[in-house]
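Here, residue 1 is the first one in the sequence, and each next residue gets the next number. We count ligands from 1, going down the list as the structure has it; atoms in each ligand are counted the same way.
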Amino acid sequence: MTEGARRPMMAANWKMNKTITEAERYMAALLPRAANSGGVDVAVFTPFTCLGVAARMAENSEVLVGAQNFYFEDSGAFTGEVSAPLLLDIGVDAVVVGHSERREVFGETDEVVAKKAKRAVDAGMLPVICVGETKEERDSGGMWDKVSGQIKAVMDELGDADGNSVVFAYEPIWAIGTGDTASPEDAQEAIEQIRGLLRETRDDAFADSVRILYGGSVKPDNIAEIMAQEDVDGGLVGGASLEVESFEKLIEAADK
Ligand code: PGA
């Protein structure tokens with residue numbers, strides 16, 4: 001499969017934002033526009049509270065609606081957690097796994113992230129698996145140790161899942177919500193390296209088909225040069241996805 005065969009993806013990560021009313025308004029504006037998104041997969045990751053409404057609204061559309069987290073066990077005494085069957089029950093198609101805010105603020109380990117990725121695939125939900133380094137790790141030359149460790153933990157757990165059943169997102173922590181975007185060259189270098197590791201640990205078919213997004217201060221004015229990079233297959237976007245007009249510009253720019 002050639003590079004051009006990977007379908008780009010533009011994903012909105014609302015984080016802890018939007019009431020149900022705000023979510024309804026956003027989805028109502030996005031859905032007709034996303035119907036013309038042509039060659040781009042559009043995904044919206046909402047808080048749990050508006051997930052049911054967003055999923056219902058998107059039911060007959062191409063837009064994927066996803067959760068920002070879940071737990072890998074299916075049921076039981078896990079107070080405060082939500083499982084894959086509970087998400088599937090409300091029509092959820094995808095889930096963000098291992099976002100740096102989950103790892104850094106809520107202490108999720110590589111092992112937990114890997115189990116979540118595996119469970120999502122087995123349940124038929126598309127996991128968007130996030131990896132990335134801190135500023136200190138980058139400055140001290142430890143970027144690749146960190147990122148390759150995160151990827152290997154997931155690949156060890158994934159078994160023989162194929163490249164279309166997962167998406168990776170390279171999100172350098174120092175670029176998230178800071179306005180401090182990685183240069184397009186930095187994004188390309190990291191994502192090329194990640195694809196190389198996937199080729200090594202699995203095979204050409206997996207590495208050539210798996211989509212790897214960039215995330216961290218993606219905005220309408222920097223998306224074109226990010227998307228122009230050969231190995232970058234799209235974006236996972238926080239701040240600039242909160243307004244539908246801005247997200248729509250990103251979707252247009254991803255149609256490469
Ligand atoms: P940002 O967040 O676009 O606001 O930097 C990206 C993310 O955390 O997924």
| task | Using a strict 4.0 Å threshold on nitrogen-to-oxygen distance, state whether K15 and E101 make a salt bridge. | result | yes

| Nearest protein heavy atom to atom 9 (O) of ligand 1, by residue and atom, and its distance? | E171 OE2, 2.8 Å

| Does a salt bridge link E137 with K146, judged by any charged N lying under 4.0 Å from a carboxylate O? | yes

| query | Can a non-hydrogen atom of K15 be found less than 4.0 Å from any atom of ligand 1? | reply | yes

| task | Would you mind running through ligand 1 and noting each atom that sits below 4.0 Å from a heavy atom of G177? | result | 1 (P), 4 (O), 5 (O)

| Is R199 paired with D208 through a side-chain N to carboxylate O contact shorter than 4.0 Å? | yes

| request: Search all heavy atoms of A29 against all heavy atoms of V244 and return the closest pair with its distance. | output: CB-CG1, 3.8 Å

| query | Going by the atom numbers of ligand 1, which of them fall below 4.0 Å from some non-hydrogen atom of G216? | reply | 5 (O)

| said: With clusters defined by side-chain heavy atoms of hydrophobic residues (ILVMFWY) lying less than 4.5 Å apart, directly or transitively, does F70 cluster with L64? | reply: no

| query | Mind checking whether Y26 and W14 have parallel, tilted or perpendicular rings, split at 30° and 60°? | reply | perpendicular

| Close N or O approach (I176, ligand 1; < 3.5 Å) | no

| Backbone or side chain, does any N or O of G238 fall under 3.5 Å from an N or O of ligand 1? | yes

| Which atoms of ligand 1 are found less than 4.0 Å from any heavy atom of G239? | 1 (P), 3 (O), 4 (O)

| Going by heavy atoms, is S217 under 4.0 Å from ligand 1? | yes

| request: Determine, for E108 against K116, whether the closest basic-nitrogen to carboxylate-oxygen distance falls under 4.0 angstrom. | output: yes

| note | Atoms of ligand 1 under 4.0 Å from any heavy atom of H99, numbered from 1 in the order shown, are 7 (C), 8 (O), 9 (O)

